[in-house]
Amino acid sequence: MNKISAAVRRVRLHHLILIMALTILPFLAGCDYFGVCNPLTSTKVTVRMIGKTDLTAGTSVTIQGLPIGSIQKVETSESGEQHLLLCIKKDQAEYLSKATLFYADKIDSGKTLVCFPNTDKDTPVSKEKLFLGFPSYSELLSWQTKNFLKQGMKQFLDAIDDALDNK
């Protein structure tokens, strides 16, 4: 009888260890099993979309064609604004300081969120890891063009104002 109960305890212990390993393994591997980024291997990033997109959780995030993470969750506010919650590999997150803009793109294997290098030095990098995103590359270029023209006109008017003040 004691041999049987000892065998049952060993089997239960093995099942318990197996269940614990299967529960903890996704977290240790950096997977999003419970909807949370693994803080040991990844960084949380939020992208505020300017316009609607049909990207979903699980969509890959790339920079220069290389995967750096994935979309963990898509939230829509009452005003209709979308926020994409991303989980980015820690060793890749450092590149986000130079790539503060994102856009949705279609590739052969489906959809992706592309990290776009932003060369505008006046766009501050948020310490909270909040970035702008656009539903398409053309909308990103339109936004950049509008901002460059606005900045150029401001500099032009400031130069005229300075020239008139110096007379």
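Keep in mind that what you see is a predicted model, and the values were worked out from it rather than measured.
Note that SG of C87 is 13.0 Å distant from NZ of K73, once rounded to the nearest 0.5 Å. Rounded to the nearest 0.5 angstrom, T76 OG1 and M49 CE are separated by 11.0 Å. Taken from NZ in K89 to OG in S42, the straight-line distance is 10.5 Å, to the nearest 0.5 Å. Atoms CZ and CG, on F156 and L149 in that order, are 13.0 Å from each other to the nearest 0.5 Å. Within the model, atoms CG of L84 and OG1 of T53 stand 7.0 Å from one another, a figure rounded to the nearest 0.5 Å. A distance of 7.5 Å separates NZ in K90 from CG in L40, rounded to the nearest 0.5 Å.
Although no hydrogens or angles enter the test, the distance criterion places a donor-acceptor pair under 3.5 Å between the side chain of T145 and the main chain of L141.
The shortest side-chain heavy-atom distance between Q144 and L101 falls under the 4.5 Å cut-off. With contacts defined as side-chain heavy-atom distances shorter than 4.5 Å, the pair E75/L85 qualifies.
Note on L132 and L140: same hydrophobic cluster, where clusters join Ile, Leu, Val, Met, Phe, Trp and Tyr whose side-chain heavy atoms are under 4.5 Å apart, directly or indirectly. Clustering ILVMFWY residues whenever any of their side-chain heavy atoms sit less than 4.5 angstrom apart, transitively, puts W143 in the very cluster that holds V114. Tracing side-chain contacts under 4.5 Å through hydrophobic residues (I, L, V, M, F, W, Y), one reaches F131 starting from V74; they form part of the same cluster.
Ring geometry for Y103 against F116 counts as perpendicular: the plane angle is over 60°, on a 0 to 90° scale with 30° as the lower cut.
Annotation: side-chain hydrogen bond (donor to acceptor under 3.5 Å, both in side chains) contacts of K52 (sequence neighbours excluded): none. Residues forming a side-chain hydrogen bond (donor to acceptor under 3.5 Å, both in side chains) with S60 (at least two apart in sequence, or on another chain): T112.
If you run side chain to side chain contact (heavy atoms under 4.5 Å, CB included) between I68 and each of D91, V45, V61, only V61 comes through.
Between H83 and T46 the shortest heavy-atom distance is CB-CG2, 4.2 Å. The two atoms that bring Q72 and A57 nearest to each other are O-CB, 3.5 Å, heavy atoms only.
With no hydrogens or angles considered, no side-chain donor-acceptor pair links T62 and Q64 at under 3.5 Å.
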